[in-house]
2 protein chains.
Amino acid sequence: MLAPDLARKASCEDCPIRHRAVCAHCEGDELQVLEGMKSYRTYTPGEPIVWAGDDFNFVASVVTGVAAMSQTMEDGRRQMVGLLLPSDFLGRPGRAHAAFDVTAATSVTLCRFERRPFEALLRETPAVGQRLLEMTLDELDAAREWMLLLGRKTAREKISSLLAILARREASLSQQIPGGEIAFDLQITREAMADYLGLTIETVSRQLTALRRDGVIVLTGSRHVTVPDYDNLAAEAGDDADGTQLT
Amino acid sequence: MLAPDLARKASCEDCPIRHRAVCAHCEGDELQVLEGMKSYRTYTPGEPIVWAGDDFNFVASVVTGVAAMSQTMEDGRRQMVGLLLPSDFLGRPGRAHAAFDVTAATSVTLCRFERRPFEALLRETPAVGQRLLEMTLDELDAAREWMLLLGRKTAREKISSLLAILARREASLSQQIPGGEIAFDLQITREAMADYLGLTIETVSRQLTALRRDGVIVLTGSRHVTVPDYDNLAAEAGDDADGTQLT
DNA sequence: CGCCTGATTGACGCGGTTCAACCTCAGTGG
DNA sequence: CCACTGAGGTTGAACCGCGTCAATCAGGCG
């Protein structure tokens, strides 16, 4: 299950998430300690990482890929409660059981630390705790923004919001011209979109079709999206122009 | 605007939230520092504490009362994203502007610290940062639980969930007999309930009536609720019996 | 080719919103 | 003392957005 290319410990210095992850503020000695504690593991798409209620004796940073955190009701209704992207932190120091299901959405590589030693590290190395606090506060803000989407937005606005987020990320990653058209691939299925947005796959499909019909987006195949006019899409999302932006 | 009885600084030793708030882990010297930094302020019911986007140069602990954190769309749709109860922390170290509106739901007294000195304290006093991290992680879990409610639960389940939370809190505060009936007052209006649950006031009213008709609750006046059988109410909330519980 | 998973589309119905009337109660002032 | 007022709450009727159920389509793979 170990990815061959990452099974031998890559150096933290070369790590792609070096300056965004929980270890971002660490230097020299501290980084050495982390280097000694870490181990990599790669999960295949769809593979469960933990189930809610399970013993959960490690914490980890996502190095590559996407993992989904979700909750399921007895009758099968499911709600995604977080998307874990590279540099995001997974796990809960001070808690021995997982609160949510976590599943690999794509192929995912984690940089893992045993929970106990990591908790000790938190006590002794303020830099890690401070960075974790920053990251957790950001996640809390993002979760609260998402609550507005889930509680008050229409299906069309929900889809538009999600596409706008993905378009913004694509634009920032690829340094595209502001105002120009943005194109990206949906990495996730309609089902994952529905779980994330609190909708059904049928509604997701219908609203995508409607947005295409109205010229807000261009769909090539079912997974490739082109946004001719980002402002137009943002207006459909119902976010006030000056307001905060979902991450 | 200062509450006369709290305007002179009450001692941290006697503080009702002494061992639950952000200062919980502090001892001796550290407490002295906080004691010197703090100032109290009381807000009247309905009074805004901050608006989203405003300069926000303090952080605070709620000492007494209830404050509501919420987000509003251009057209007036509103979603509450958090309820701040005594000992809860308000504010975001490292950020100069508020992300959400915060309003006093009842009369609220805050124990406030200027943001800059508090940030310095966070760097120098690990105990505060560690406690804040714990609290933030708990809030994040609660926000994620709420996402399931907003995204997937029916109106009846939403109301039942809220009542179950309030009943649990009442039972734990008043040490009631497990299995016995639980009675409590709704401290908030139908409008606040609707904003919290992502519903309209009409739907809130109708579902409360339906739960009363079905014997799940007894309503005395419009604000006093008696729960004859907690397990029955919990079943209506749709939470799986073994699962995690909203706080 | 057949099979399976993911996605689209249509028909239909329900749950929750919308709009509106009305009720209750606590002030408030004549 | 009672009329007036306004906020909070309840109830009814009609509408419609989205879920449900079901049929069909497209693409990948043995």
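All figures in this text were calculated on a predicted structure; none of them were measured in a lab. Below, chains carry the letters A, B, ... as their sequence lines are ordered, and counting in each starts from 1.
Under the rule for a side chain to side chain donor-acceptor pair (under 3.5 Å), the partners of B:N57 that lie at least two apart in sequence or sit in another chain are B:R115. Remark: B:A237 engages B:S160, B:S161, B:D239 in a side chain to side chain contact (heavy atoms under 4.5 Å, CB included) (not counting sequence neighbours). Listed by chain and residue number, B:F56 satisfy the ring-ring contact (aromatic ring centres under 6.0 Å, His included) test with B:F58 (two or more places apart in sequence, or in another chain). With sequence neighbours left out, A:T106 forms a side chain to side chain donor-acceptor pair (under 3.5 Å) with no residue at all.
The distance from atom CE of B:M193 to atom C1' of C:dG16 is 16 Å, rounded to the nearest whole Å. When the P atom of D:dT10 is taken as reference, atom CG of B:L211 falls 12 Å away, rounded to whole Å. Going from atom CD1 of A:I159 over to atom P of C:dT8 covers 10 Å, rounded to whole Å. At whole-Å resolution of the value, NZ in A:K158 and P in D:dC18 are 8 Å apart. Distance A:E157 CD to D:dG17 P: 12 Å, rounded to the nearest Å. Here D:dT20 presents its C1' atom at 14 Å from CZ of A:R77, a figure rounded to the nearest Å. Regarding B:K153, its NZ atom lies at a distance of 22 Å from the P atom of D:dC18, rounded to whole Å. Atoms CD (B:Q207) and C1' (D:dT11) sit 13 Å apart, rounded to a whole Å.
Listed by first then second residue, pairs satisfying salt bridge (charged side-chain N to carboxylate O under 4.0 Å, His left out) with a partner in residues 188-198 of chain B read A:R152-B:D195, B:R78-B:E191, B:R78-B:D195, not counting sequence neighbours. The stretch residues 79-92 of chain B participates, sequence neighbours left out, in these salt bridge (charged side-chain N to carboxylate O under 4.0 Å, His left out) pairs: A:D138-B:R92, A:D141-B:R92. For the ring-ring contact (aromatic ring centres under 6.0 Å, His included) condition, the pairs that include at least one residue of residues 180-205 of chain A, sequence neighbours left out, are A:W146-A:Y196. The stretch residues 210-226 of chain B participates, sequence neighbours left out, in these side-chain hydrogen bond (donor to acceptor under 3.5 Å, both in side chains) pairs: B:R156-B:D214, B:D185-B:H224.
Of all non-hydrogen atoms in A:I17 and A:S61, the two that sit nearest each other are CD1-CB, 3.8 Å. Counting all heavy atoms, side chain and backbone alike, B:T64 lies closest to B:P86 at CA-CG, 4.1 Å.
Counting heavy atoms from C-beta outward, A:L166 and A:I182 have side chains that stay 4.5 Å or more apart.
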In 5'-to-3' order, the base (B), backbone-only (S) or no-contact (-) status of each nucleotide in nucleotides 25-30 of chain D, using a 4.0 angstrom heavy-atom cut-off, is ------
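Taken to the nearest 0.5 Å, the CZ atom of B:R112 stands 9.0 Å off from the CD1 atom of B:I49.
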Dump the pairs, protein N or O against N or O of nucleotides 17-21 of chain C, anything under 3.5 Å, distances to one decimal.
residue	atom	partner	partner atom	Å
C:dT17	OP2	B:T200	OG1	3.1
C:dT17	OP2	B:T203	OG1	2.4
C:dT18	O4	B:R206	NH2	2.8
C:dC19	N4	B:E202	OE2	3.2

Just the table, please: protein N/O against nucleotides 22-28 of chain C N/O, every pair under 3.5 Å.
none

Please list, for nucleotides 3-7 of chain C, all pairs of protein and nucleotide N/O atoms separated by less than 3.5 Å.
residue	atom	partner	partner atom	Å
C:dA7	OP1	A:R223	NE	2.8
C:dA7	OP1	A:R223	NH2	3.3
C:dA7	OP2	A:R190	N	2.8

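Toward the 5' end of DNA chain C, the nearer of the two residues B:A155 and A:T209, judged by each one's closest nucleotide, is A:T209.
Side-chain atoms of B:T209 come within 3.5 Å of backbone N or O of B:S205 as a donor-acceptor pair.
Considering A:Q79, A:M80, A:Q71 in turn, A:Q71 is the only one that fulfils the side chain to side chain contact (heavy atoms under 4.5 Å, CB included) rule with A:F100.
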